[in-house]
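In what follows, a structure is listed as structure tokens, so that the remarks can point back to it.
Within every chain, numbering begins at 1; the chains are lettered A, B, ... in the order of the sequence lines, protein sequences first and strands thereafter. Model, not experiment: these values are computed from the prediction. Keep in mind that the numbers below use all heavy atoms, side chains included, and drop hydrogens, waters and symmetry copies.
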Amino acid sequence: MTKNKTKKTTYGKKDKLKKRIKHKLKKTVESYSDDPVKLKEMDDLVKELTKLDTIKCEVEEADRFKRYFSKSENVEDMPENAADICAGPLGIDEFEHIVEIADDTQIEETIDDKIGEIKSALKNSRVVIVQGNTGCGKTTKIPRMLMDEYRKIVCTQPRRLAAISVARKVAGDVGCDLGSKVGYTVRFDDKTSSKTRLKFATDGVLIKEIYSKQVRLMHSHRKKKNMKKIAGYDLIVIDEAHERTVNIDFLLGFIKRALQSEKARTRLLIMSATLNTERFVEYFQCPLVTIKHRSYNIEYFYLKYDCDDYLSVCIRTAQAIIERERDGDVLVFLTGQDEIERAHFILSGKLSGADVVILKLFSTMPPEEQDLVFQHSARKIILSTNIAETSITIENIKFVVDSGVFKAKRYYACNAIDSLDLIEISKAQAKQRAGRAGRTQPGKVFRIYSYSRYLQMADNPMPEILRSKLHSTVLSMKSLGITDVENFDFIDAPSLESINQAELFLYYIRAIDKNGVITDFGRELANIPLEPETAISLVAAKRIGCLNAVATISAFLEYQTPFLELRSDHPEYRRYKSARSYFSHPKGDFYSFLVIFYSWEQSKFSFGFLRKNFLNIKTMVQILNVRAQILRLFPHCSDTSLSIERAFCTGFFMKAAKISENGYKTIFGDVECYIHPRDGLLSAHPKYVVFYELFSLKNEYMGHCLEVLLSDLQEPINRFVAK
DNA sequence: GAGCACTGC
């Protein structure tokens with residue numbers, strides 16, 4: 001294993017630095033006032049404290065991203081089978097037709113052919129990887145066929161819906177009731193029993209299971225016997241491993257570590273789509289079993305040039321397909337709601353006479369409208385975000401138009417800002433998008449980028465762990481006894497900056513001690529299924545006596561918005577606007593959430609109320625569940641106080657901002673920002689606010705704000721300084 | 001003043 005860590009920060013060094021700065025900081029805070037000079041002084045100190053030079057860090061981080069994406073391949077390396085270039089059948093000169101002959105489309109292998117190989121590989125190796133494309137049936141067949149070799153099996157899925165529907169299908173195949181021999185566990189829904197031998201679960205559930213088994217173990221005397229199996233399983237199957245979510249990466253690292261023990265008895269099977277399995281093989285040094293699966297033929301068309309205005313070309317291409325090809329539905333991959341609405345408007349005009357329906361698909365739209373894509377109707381053009389890449393599968397797509405870009409959130413540790421960036425897709429994503437055609441019939445894919453640009457794309461998307469905030473991940477790792485996070489053997493190790501920032505934060509809030517070991521308070525936080533800041537606020541709320549209100553708001557904060565997103569051309573737009581402003585509280589989103597919840601409660605949680613007020617039913621039910629889950633963690637609490645500001649300041653004091661000449665400035669980090677225009681607090685111009693998140697669009701915005709008093713902020717800041 | 005992709009405990 002190679003470690004390319006050059007810098008190693010020790011707690012001892014950090015401690016000394018902090019002692020010195022804290023002394024100065026304390027003096028500053030004691031005289032903390034509106035004096036701009038003093039405030040500036042404090043900001044400087046905080047910057048020194050976090051040891052993050054913003055500009056340098058930004059450059060480094062941008063560099064890191066660039067390096068990741070420009071895994072350059074020589075443009076001249078055109079494969080021989082790509083030499084067949086001709087004008088596309090659409091007659092659009094702009095495209096070149098490139099025939100790619102993928103060898104895995106020519107031979108058909110079934111799981112039955114391969115299961116013997118998988119079984120014997122698992123006998124000889126603790127870890128085995130199976131690669132096969134979607135549609136080969138690996139998820140539904142392999143775990144079931146391994147039931148006669150392994151007594152207790154868990155198979156993880158990245159999404160709740162997938163875990164539930166796969167479990168249902170497999171229970172049917174086995175011929176048992178769901179929840180007996182085969183079952184599933186997802187948050188808020190458990191269909192398993194003591195008889196369950198094959199369980200499908202989300203990866204987050206497995207992590208929680210590992211955690212609670214470990215806690216139980218600490219109080220048990222049968223330590224040695226139990227250590228042999230991870231969470232009591234004989235076989236752990238990690239499905240869709242190519243998606244590389246934070247949870248998957250952490251599970252793989254954790255299990256790899258656990259399996260290094262001689263006594264370990266659990267086996268690990270990793271299932272992944274093709275293309276990036278080499279990474280897993282390299283990481284685990286283990287055998288790979290490939291299942292070749294035939295799909296229908298897909299023809300590829302590339303743009304002859306690279307263009308900036310991919311949206312217009314996507315629209316023109318979709319139009320040309322409808323006009324020149326006799327039948328077949330079209331799926332267009334765009335980046336966001338705004339683009340989709342524009343494309344919808346333009347295409348509706350251009351194709352007004354044609355017998356075609358133009359549909360939109362993104363996550364925050366009303367579910368009834370989403371369901372239209374599944375209905376049998378006239379010929380369809382579906383304008384979708386990357387929700388159609390993995391989460392939603394639409395049958396009968398014959399044509400795919402691929403813009404080559406998507407939007408993704410990236411966390412910049414240097415200034416603690418989330419930025420939603422337009423990012424070029426990877427080859428793996430291009431393949432995934434293309435595969436959405438050709439599921440049920442031969443298909444054609446129009447790539448709105450040139451072949452040479454395709455060759456330059458990275459092989460795989462950047463793993464989530466390299467672009468997200470690690471505060472809560474590091475906290476869970478610490479709670480599992482992993483103290484040395486910097487040297488944890490991840491497949492792709494996150495930057496030292498983001499690990500250090502997370503550790504420093506956890507240290508400030510006393511979740512870990514100066515040796516990096518979790519404290520009792522940290523354990524309490526880790527047990528609350530929310531971001532650490534929110535979890536701290538809850539613990540404070542219990543003390544202050546406003547737990548119910550804070551729990552309600554916290555549940556809302558977990559979701560971006562409880563509302564549906566309607567555009568100004570929607571027939572019900574005026575009613576929608578007035579519903580939104582009715583619930584918009586002048587003291588900001590935090591209070592708006594309370595108003596929404598109590599109004600819903602008054603309606604006895606009726607769905608009619610939600611529909612009437614354009615609230616997202618799915619989201620609101622989740623919020624209700626989360627709220628109940630939180631309240632179960634804090635039994636026998638009744639509200640005696642309304643100081644939710646004090647409670648939230650305890651958790652969010654690092655996310656506070658003060659009004660400035662033309663907007664706000666964060667107290668820690670000195671970031672110029674605005675209250676998001678959607679927030680009810682916008683017109684009140686409060687002097688101090690705390691915010692849930694800071695994100696970057698054209699400007700920096702604070703999402704979900706709460707007006708607070710300086711005195712509310714002072715106590716937690718003083719406490720943190722006095723440590 | 002100006003509008004955010006998708007998941008999960």
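Of the listed nucleotides (B:dG3, B:dA2, B:dC4), B:dA2 has the atom at the smallest distance from the side chain of A:Asn699. In the set B:dA5, B:dC4, B:dC9, B:dA5 carries the atom at the smallest distance from any side-chain atom of A:Asn386. Of the candidates B:dA2, B:dC9, B:dC4, B:dC9 carries the atom nearest the A:Arg187 side chain, counting heavy atoms from C-beta on. Closest to the side chain of A:Gln337, out of B:dC4, B:dC9, B:dA5, is B:dA5. Listed nucleotides B:dC4, B:dG8, B:dC6 differ in distance to A:Glu558; the shortest reach to its side chain belongs to B:dG8. Taking only side-chain atoms of A:Thr385, from C-beta outward, the nucleotide of B:dC4, B:dC9, B:dC6 with the closest atom is B:dC6. Counting only heavy atoms from C-beta on, A:Pro677 has its side chain closest to B:dA2 among B:dA5, B:dA2, B:dC9.
In this structure, A:Phe614 has its ring center closer than 6.0 angstrom to the ring center of A:Tyr576. Centroid-to-centroid, the aromatic rings of A:Tyr664 and A:Tyr674 stay 6.0 Å apart or farther. For A:Phe593 and A:Phe556, the gap between ring centers is short of 6.0 Å.
Rounded to whole angstrom, the span from the CZ atom of A:Arg467 across to the P atom of B:dC6 amounts to 13 Å. The CD-P distance, from A:Gln560 to B:dC6, rounds to 8 Å in whole Å. Rounded to whole Å, the distance from CE on A:Met702 to C1' on B:dG3 is 16 Å. Atom CG in A:Leu161 sits about 13 Å away from atom C1' in B:dG8, given to the nearest Å. Atom pair A:Gln622:CD and B:dT7:P shows a separation of 11 Å (rounding to whole Å applied). For the pair A:Arg678 CZ and B:dG1 C1', the interatomic distance rounds to 15 Å; values are reported in whole Å. Protein atom CD of A:Glu240 is 14 Å distant from nucleotide atom C1' of B:dC6, rounded to whole Å. In this entry the distance linking CD1 of A:Ile392 with P of B:dC6 reads 9 Å, nearest Å.
Looking at heavy-atom distances under 4.0 Å, A:Glu693 makes contact with a base. Contacts of A:Leu420 with the nucleic acid, taken as non-hydrogen atoms under 4.0 Å apart, include base atoms. Within the nucleic acid shown, A:Arg159 comes within 4.0 Å of sugar-phosphate atoms alone, with no base atom in reach, counting heavy atoms only. Among the protein residues, A:Val186 comes within range of the sugar-phosphate backbone only, with heavy atoms under 4.0 Å from sugar or phosphate atoms but none that close to a base.
Contact check, A:Lys208 against B:dC9: no side-chain N or O comes under 4.0 Å of OP1 or OP2. The phosphate of B:dC4 has neither OP1 nor OP2 within less than 4.0 Å of any side-chain N or O from A:Lys409. OP1 or OP2 of B:dC9 lies within a sub-4.0 Å distance of a side-chain N or O belonging to A:Thr202. Phosphate proximity of B:dA5 to A:Arg410: absent, as no side-chain N or O sits under 4.0 Å from OP1 or OP2. Remark: A:Thr390 is not in phosphate contact with B:dC6, judged by side-chain N or O atoms under 4.0 Å from OP1 or OP2. In terms of phosphate contacts, A:Ser363 brings a side-chain nitrogen or oxygen within less than 4.0 Å of OP1 or OP2 of B:dC6.
Sparse packing is recorded around CZ of A:Arg342, with 12 or fewer heavy atoms of other residues, nucleotides or ligands lying under 6.0 Å away. Other residues, nucleotides and ligands place more than 12 heavy atoms under 6.0 Å from the CZ atom of A:Phe188. A 6.0 Å sphere centred on CD of A:Glu395 holds more than 12 heavy atoms belonging to other residues, nucleotides or ligands.
Comparing A:Pro158 and A:Ala408 by the nucleotide of DNA chain B whose heavy atom lies nearest to each, the residue mapping closer to the 5' end is A:Ala408.
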